[in-house]
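Remarks on the structure that follows.
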There are 2 protein chains.
Amino acid sequence: MNLKQLSEALSLSQTTVSRALNGYPEVSAETRKRVVEMARKIGYAPNSQARKLATGRAMAIGHVIPVSQHEMMNPVFMEFIAGAGEAYSRLGYDMVLKVVPDAQVEGAYRELASLKKADAVIVHGPRIHDTRHEILDTLGVPFLIHGRIPGQEEARSWIDMNNAHAFERATDLLLDLGHRRIALLNGLEDMDFAARRRRGFEKALTNRGLSTDPALMRQADMTEPYGAESALDMLDGANPPTAFLVSSMISALGVARVISQKGLQIGRDVSVITHDDALSFLPNGGDDPIFTCTRSSVRYAGQRAAELLIEQILPNPDVPVHEYLEAELIIGQSTGPCHATA
Amino acid sequence: MNLKQLSEALSLSQTTVSRALNGYPEVSAETRKRVVEMARKIGYAPNSQARKLATGRAMAIGHVIPVSQHEMMNPVFMEFIAGAGEAYSRLGYDMVLKVVPDAQVEGAYRELASLKKADAVIVHGPRIHDTRHEILDTLGVPFLIHGRIPGQEEARSWIDMNNAHAFERATDLLLDLGHRRIALLNGLEDMDFAARRRRGFEKALTNRGLSTDPALMRQADMTEPYGAESALDMLDGANPPTAFLVSSMISALGVARVISQKGLQIGRDVSVITHDDALSFLPNGGDDPIFTCTRSSVRYAGQRAAELLIEQILPNPDVPVHEYLEAELIIGQSTGPCHATA
DNA sequence: TTGAAAGCGATACCAC
DNA sequence: GTGGTATCGCTTTCAA
């Protein structure tokens, strides 16, 4: 069932039928009514390929999700996509998603752009030495970065949370509680967000004249065993930490598991603060969370990203838009004063 | 840069250029070489919308992911999609993904199908009273179910793991270890997979003449707190379980957290078996896993699903294909003999 | 082996 | 307010 058949059934031109269906003002109310009814009656649906070709717009946003060398699929991406997907449905856009190995990310963007499969793309997981903005410029695709590419803060559109500030505040809280040996279990620090978190952590220490201890700082894909193994190593080490600052709830669960297994009580014997992306399958409690945390909903970020891209960037690709999300610092049950003997 | 311009630059017809680029045999080797070189030189890329319109194929597979009323985004979907995405890249297909509230799932499938945005779709998370197969039939879209819709086992294409058998074996293992009070923390039992797991659990008990205890069976979205709260309630209850059978690693972590917090040792004082979907961010160890588990890689399922859909179902939509994945039962550190006083 | 021309199914400009 | 027609960019008969 196509436009032609529909217009024949109505004894109208394709033009008029198209206009009626797409809400153009110059169609008479009566004609529009007839058209709409007939369309529903005979089950007409416009072929989106044809429409895309005619309009030149794909009405789709591209996402390229990298799976790391370690085959790790970051659940944060999923939650971001859920938020974005909700907005796309509302705004009449589709999401075309490519899940590819790190090495094929550029090629995937190229394909999306040069084959006109998407009108714009989201850049996920920017790295400190990222070059995707250059490729996308060459291709002429509007894009929005979830996070920031160093050196491109002004010129590019992005949405990001204040990673450095959040981790500085979290570290300050631990310092205020008397902790001096604080471990940082970070994500991979070639990722921009992780580099920023580390700087926030270091800044808080430096501000109090404290130095960092490399033995207490780790970076890796944020799995549960990463948290567990790191905590085990460190707590069994020569000079164990009294507090952990962890970049992900998932790894924090690993830390908590080990602390419990060692017969220690979290929040009393060892403090833990984690960043909480508010992943829906890992709720951290409401008013009195399990973990003290810096919290910022990545799902909301995804939703806003989609809105900004479609409403601001597409109509005006040359004016970069920036949106800053400030993480909340929420006190839960996993932090308390330091009891360590000095 | 389009076909016309490219053909003019080569002084060839669009026909010949198109044929050369698409590997048709009748083009002379020399012509093809010229065409391919020029195409690369001037950076020609075919407009996929135009191609889709001309061929009538979208070269895309649709996925509709429901987010439940509780806003829960199941990480299993993500991992499945990662597997499928890998296969799509390899096979030259795109994935168009819709993330929508439960109530809009049907509409999303309708849109994908009737607007010709996808050549086929994957049905995620079948329920015991699912009707999506009927809608998709009406629309005439080939599809493959990840899981099974009751009553549609023969007639429809699906890929599934043997949920019932896996949970029966897991329960048998606990029974062999002497456990008699076994708790089942299941997913929502209007989901087909969860209903099957429950039947497997019950069958194992029934086979030994044991009856089920409603106080020890729960169902919910599989979050971490669900595991924790259920374990806390049950262990503090009148007649606590000595073992837990859990439908998800995430909830199992919650169970483990509570067991440790109560000063009990997992595997010695309380046994836990979980189903392990082999989520990449929740590795359960290698040869000696943290949790004894029934394991089946949902990522592999996604990959196979994509392959089956494209290679078997699209060319021959009327011959249903079925693929059964058997979960492994892997002994880890979380199970041991029952020490409960009878 | 190559080319001309007719679709594919919509949109949108220009007349009327 | 309605209609004719060119156009989007490619694939695919049909002829040569």
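Letters A, B, ... are given to chains in the order of the sequence lines, protein chains preceding strands, and every chain is numbered from 1. What you are looking at is a predicted structure, and each value in this text was computed from that prediction instead of being measured.
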Quick one: side chains of residues 34-41 of chain A, donor-acceptor pairs under 3.5 Å with protein atoms, not counting sequence neighbours, listed by atom name and distance.
| residue | atom | partner | partner atom | Å |
| --- | --- | --- | --- | --- |
| A:Arg34 | NH2 | A:Leu10 | O | 2.7 |

Can you name the residues that form a salt bridge (charged side-chain N to carboxylate O under 4.0 Å, His left out) with A:Asp277, not counting sequence neighbours?
->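 By the salt bridge (charged side-chain N to carboxylate O under 4.0 Å, His left out) rule, A:Asp277 matches no residue at all.
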Pairs satisfying ring-ring contact (aromatic ring centres under 6.0 Å, His included), at least one member in residues 87-109 of chain B, at least two apart | B:His63-B:Tyr88
All pairs passing ring-ring contact (aromatic ring centres under 6.0 Å, His included) where residues 3-41 of chain B contributes a residue, at least two apart =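 Listed by first then second residue: nothing to list.
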By side-chain contact (heavy atoms from CB on, under 4.5 Å) - contacts of B:Ala54 (at least two apart) =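 Once residues adjacent in sequence are excluded, B:Ala54 has no partner under the side-chain contact (heavy atoms from CB on, under 4.5 Å) criterion.
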Got a sec, which residues hit side-chain contact (heavy atoms from CB on, under 4.5 Å) with A:Glu8, two or more places apart in sequence or on another chain?
->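 Applying side-chain contact (heavy atoms from CB on, under 4.5 Å) to A:Glu8 gives A:Lys4.
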Close approaches to DNA chain D from residues 111-119 of chain B, in residue order (heavy atom, under 4.0 Å) =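 Listed by number, there are none.
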Run the salt-bridge test on A:Glu106 and A:Arg132 with the 4.0 Å N-O cut-off and return the result as yes or no.
->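 No, no charged N to carboxylate O under 4.0 Å.
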With a 4.0 Å cut-off, would you call B:Lys98 and A:Asp94 a salt bridge?
-> yes
Whole angstrom value for the distance that separates [atom2] of [N] from [atom1] of [X]:
X: A:Lys52; N: C:dT11; atom1: NZ; atom2: C1'; value: 15 Å
X: A:Glu26; N: C:dA15; atom1: CD; atom2: P; value: 16 Å
X: B:Leu10; N: C:dT2; atom1: CG; atom2: P; value: 12 Å
X: A:Leu12; N: D:dG4; atom1: CG; atom2: C1'; value: 14 Å

Can you give me every donor-acceptor pair (side chain of residues 138-153 of chain A, partner residue at least two apart or in another chain, under 3.5 Å) with its distance?
| residue | atom | partner | partner atom | Å |
| --- | --- | --- | --- | --- |
| A:Thr138 | OG1 | A:Glu134 | O | 2.8 |
| A:Arg148 | NE | A:Asp160 | OD2 | 2.8 |
| A:Arg148 | NH1 | A:Tyr324 | OH | 3.1 |
| A:Arg148 | NH2 | A:Asp160 | OD2 | 3.1 |
| A:Gln152 | OE1 | A:Arg156 | NE | 2.8 |
| A:Gln152 | OE1 | A:Arg156 | NH2 | 3.3 |
| A:Gln152 | NE2 | A:His133 | NE2 | 3.4 |
| A:Glu153 | OE1 | A:Gly151 | N | 2.9 |
| A:Glu153 | OE2 | A:Arg196 | NH2 | 3.1 |

Protein heavy-atom contacts under 4.0 Å, written 5' to 3' over nucleotides 9-16 of chain D as B (base), S (sugar-phosphate only) or - (none), form the string BBBBB---
For B:Phe281, all residues meeting ring pair (Phe, Tyr, Trp, His ring centres under 6.0 Å), sequence neighbours excluded = A:Phe281
Partners meeting ring pair (Phe, Tyr, Trp, His ring centres under 6.0 Å) with A:Phe77 (sequence neighbours left out) | A:His124
Is B:Thr16 near enough to C:dT2 that one of its side-chain N or O atoms lies under 4.0 angstrom from OP1 or OP2?
->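 Indeed not, no polar side-chain atom of B:Thr16 lies that close.
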The helix from C:dT1-D:dA16 to C:dC16-D:dG1: angle between its terminal axes, five pairs each, to 10°?
->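 The value is 40°.
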